[in-house]
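A short write-up of the structure that comes next.
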There are 2 protein chains.
Amino acid sequence: MGRITQRDIARLAGVSQTTVSLVLNNRPGAETRIPAETRDRVLRVIRETGYVADPLARRLAAGRNRILGVFTYEPVFPSATGDFYHPFLVGIEESAEQVGCDLLLLTSAPLVDGRKRIYHQDHRLRLADGCVLLGRELDREELARLVAEGYPFVSVGRRDDAGGPISYVGADYGSAVRELVEKARGLGHEKFAYVGQGAGPESFADRHRGFREGTAGLHAVTLPSADAEEALLTGATAIFVEEHADGALILQAAGRRGLAVAGDLSIVTLGDPTRPAPTDIDFTGFRIPRAEMGRQAVEVLTELIEGSGPVQRLLPCELVKGSTLGRNNVA
Amino acid sequence: MGRITQRDIARLAGVSQTTVSLVLNNRPGAETRIPAETRDRVLRVIRETGYVADPLARRLAAGRNRILGVFTYEPVFPSATGDFYHPFLVGIEESAEQVGCDLLLLTSAPLVDGRKRIYHQDHRLRLADGCVLLGRELDREELARLVAEGYPFVSVGRRDDAGGPISYVGADYGSAVRELVEKARGLGHEKFAYVGQGAGPESFADRHRGFREGTAGLHAVTLPSADAEEALLTGATAIFVEEHADGALILQAAGRRGLAVAGDLSIVTLGDPTRPAPTDIDFTGFRIPRAEMGRQAVEVLTELIEGSGPVQRLLPCELVKGSTLGRNNVA
DNA sequence: CTGTCACGCTAATGCGCATTACTGCAGGGG
DNA sequence: CCCCTGCAGTAATGCGCATTAGCGTGACAG
């Protein structure tokens with residue numbers, strides 16, 4: 001007892017499979033070409049049988065699916081980073097619902113060298129019409145291949161070209177960081193430190209670029225995350241940290257030295273925490289518009305699938321006033 | 001320049017498409033039928049071109065997909081209930097990864113009368129080989145139709161028959177509640193109250209049944225959630241609440257009356273909070289094995305797809321000691 | 001009375017793959 | 001000499017649908 005097909009419907013309605021297809025898709029031209037009487041008859045049979053077209057066959061023939069893939073380079077559901085990615089998914093799901101698409105979580109991608117890879121033996125990307133890519137760090141080679149194959153995809157987060165322009169919906173880290181630097185300068189700060197990678201993934205590079213641009217001509221040093229506490233030795237009065245956890249670390253260290261936060265020392269965090277941090281602290285910094293990024297990524301993806309060219313959007317970050325940035329009181 | 005197909009590979013390797021398919025699937029029989037020389041030639045071309053079979057066509061031809069659907073009657077990602085459902089998804093994802101399936105979130109299902117419906121104009125269930133159903137309350141008619149159509153699905157949470165037995169992986173609420181009642185009786189409690197729906201969805205009905213069985217022959221009343229505070233007027237020394245939020249409410253009310261919790265009054269919660277509750281309180285109760293339920297649901301679903309008959313599992317709940325159940329000190 | 005057109009529909013084809021049935025060939029037994 | 005068997009592969013078919021080309025009929029102009 002296989003499931004019902006268009007042929008069955010056709011037989012029951014006394015028409016051809018073609019007619020069923022035409023009625024079903026309500027194609028322009030079919031509207032006029034098929035009289036209401038026949039159409040109703042077909043529709044009635046469809047309703048009675050509860051028939052629905054097999055989306056797979058449909059896609060095979062038509063090339064469309066209304067399935068959007070979601071590929072995440074870092075694990076989304078479990079673990080600590082999960083909380084960071086959750087808001088993106090909320091936006092993605094919301095938007096997918098609006099545009100009437102289903103979401104395919106590419107969970108079957110195996111780990112290779114500790115990372116998920118899109119392309120692997122028997123990859124299943126093509127199940128979806130297009131794909132949203134999530135992750136701090138995307139594989140350049142894979143991106144290049146996606147571009148080369150002309151597969152529609154949108155990155156959540158800005159990406160450099162990879163053998164061609166890449167569509168993305170990112171956060172404007174550069175502007176956000178620059179603004180915060182300027183705010184600090186307005187409060188009298190002249191010596192700055194940046195703690196974090198500041199390179200590698202675009203999101204870090206963008207932050208650091210904003211920092212460099214904002215502090216151009218001023219005293220400004222950059223330290224890796226591992227040396228976070230040493231930022232206190234640099235003479236900086238305003239420390240910008242990529243990661244909340246590092247901010248908390250520096251805060252503690254400052255406390256031990258008897259430095260008053262926002263008085264002797266200001267700390268600014270650059271984005272939402274990606275690791276769980278003892279963060280009852282109300283850091284000055286900004287918020288990444290994660291849900292909105294997810295939403296718009298799906299929007300852009302559907303446009304792409306419709307055939308539009310690459311789209312690149314940077315969304316503004318919302319500044320968080322917080323209480324860790326104050327007037328510089330160091331002579 | 002469409003994507004590469006088996007035909008292309010065949011042309012490049014100087015063989016037929018059939019041969020490519022045979023090599024690719026390494027079919028028993030093909031192993032012997034195709035000499036290593038030819039196979040290597042084909043494999044080399046495949047490697048050079050980076051070809052991968054279109055999973056869609058594959059499924060169309062073979063009838064399988066390795067896609068598992070996830071349908072949720074209540075919204076999963078956003079909102080408050082999201083936190084409740086999250087653990088299920090974690091388990092589902094984990095298990096899906098293990099069995100090498102992708103997950104299709106049926107997000108395109110529209111709301112009808114405020115609820116999601118599986119069956120609607122152009123439903124897309126059949127995209128997946130089978131489906132995991134999530135939600136406190138599933139639509140009986142829809143279940144019946146799924147059963148009638150022979151579509152493989154597993155409910156997370158026990159379900160009554162609907163025109164046939166339904167596969168599920170549920171939590172054994174009945175036993176858990178009964179155990180808690182017995183524990184309370186062991187501590188000298190003789191008058192009980194149950195606050196919550198106690199009917200309707202299976203999960204509530206099961207809890208209530210456990211309560212009734214445990215308190216058989218004793219003083220035991222049942223109150224709707226709206227009248228939670230009135231539980232204090234019933235003379236009950238042990239109050240069982242379906243929902244943490246109600247427990248918190250009763251706790252407050254008890255405080256106002258000067259009743260000591262676990263002393264004058266014991267409160268037991270029946271499961272994890274589904275609404276965010278001011279729950280720094282360490283309630284005595286039990287935990288629903290949510291992740292495990294998700295995991296096993298996927299397991300069962302794959303069995304079902306392989307052709308097994310209905311499977312029904314009840315998983316034990318883990319009792320939580322907590323601090324709100326104490327010896328009855330009321331004369 | 002023929003040519004043309006619109007109408008209402010259908011036959012045929014192909015999407016990319018898996019599968020089944022078959023073919024051409026070589027070698028060996030009868 | 002023919003038949004059989006095994007080998008190494010190929011042609012053909014179909015999955016369920018969308019799409020294109022086309023067909024039979026009646027109406028109507030010329």
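Throughout, a chain's letter reflects where its sequence line sits, starting with A, and its residues are numbered from 1.
Rounded to whole Å, the distance from CG on A/L60 to P on D/dC15 is 13 Å. One atom, CG of B/D54, and another, C1' of C/dC15, lie 9 Å apart when rounded to the nearest Å. At whole-Å resolution of the value, CD in A/Q6 and P in D/dC17 are 5 Å apart. Rounded to whole angstrom, the span from the CZ atom of B/R59 across to the P atom of C/dA18 amounts to 14 Å. For the pair A/R7 CZ and C/dA12 P, the interatomic distance rounds to 14 Å; values are reported in whole Å. D/dC17 atom P lies 14 Å from atom CG of B/L56, rounded to whole Å. Residue B/I46 contributes atom CD1, which lies 14 Å from atom C1' of C/dG16 at whole-angstrom precision. The separation between B/L22 atom CG and C/dT20 atom C1' is 11 Å, rounded to whole Å.
B/S21 has no side-chain polar atom (N or O) that falls below the 4.0 Å cut-off from OP1 or OP2 of C/dC17. Contact annotation: B/R58 reaches the phosphate of C/dA18 (side-chain N/O to OP1 or OP2, under 4.0 Å). A/Y51 has no side-chain polar atom (N or O) that falls below the 4.0 Å cut-off from OP1 or OP2 of D/dG16. Within the structure, every side-chain polar atom (N or O) of B/S16 is placed at least 4.0 Å from both OP1 and OP2 of D/dG9.
Residue order along DNA chain D, read from the 5' end via each residue's closest nucleotide, puts B/Q17 first among B/Q17 and A/T18.
A 4.5 Å side-chain heavy-atom check between A/I67 and B/L104 finds at least one atom pair inside the cut-off.
The side chain of A/A61 lies closest to C/dC15 when the candidates are C/dT10, C/dC15, D/dG9. Counting only heavy atoms from C-beta on, B/I34 has its side chain closest to D/dG9 among C/dT10, D/dG9, D/dC17. Of the candidates C/dC17, D/dA8, C/dA18, the closest approach to any side-chain atom of B/A57 belongs to C/dC17.
Looking at heavy-atom distances under 4.0 Å, A/T5 makes contact with sugar-phosphate atoms alone, never a base. Nucleic acid contact for B/V20: none, since no nucleic acid atom lies under 4.0 Å from a heavy atom of the residue.
For the residue pair A/S21 / A/T18, no side-chain donor-acceptor distance below 3.5 Å is found, with atom types taken as modelled.
The aromatic rings of B/F88 and B/Y85 are tilted relative to each other, their planes meeting at an angle between 30° and 60°.
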Practice problem: Please step through side-chain hydrogen bond (donor to acceptor under 3.5 Å, both in side chains) for the pair B/E142 and B/Y73, ending with a clear verdict. | Solution: CA-CA 11 Å; B/E142 298 204 319; B/Y73 272 94; 2.3 Å; yes
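A salt bridge links A/R117 with A/D139: at least one charged nitrogen is closer than 4.0 Å to a carboxylate oxygen.
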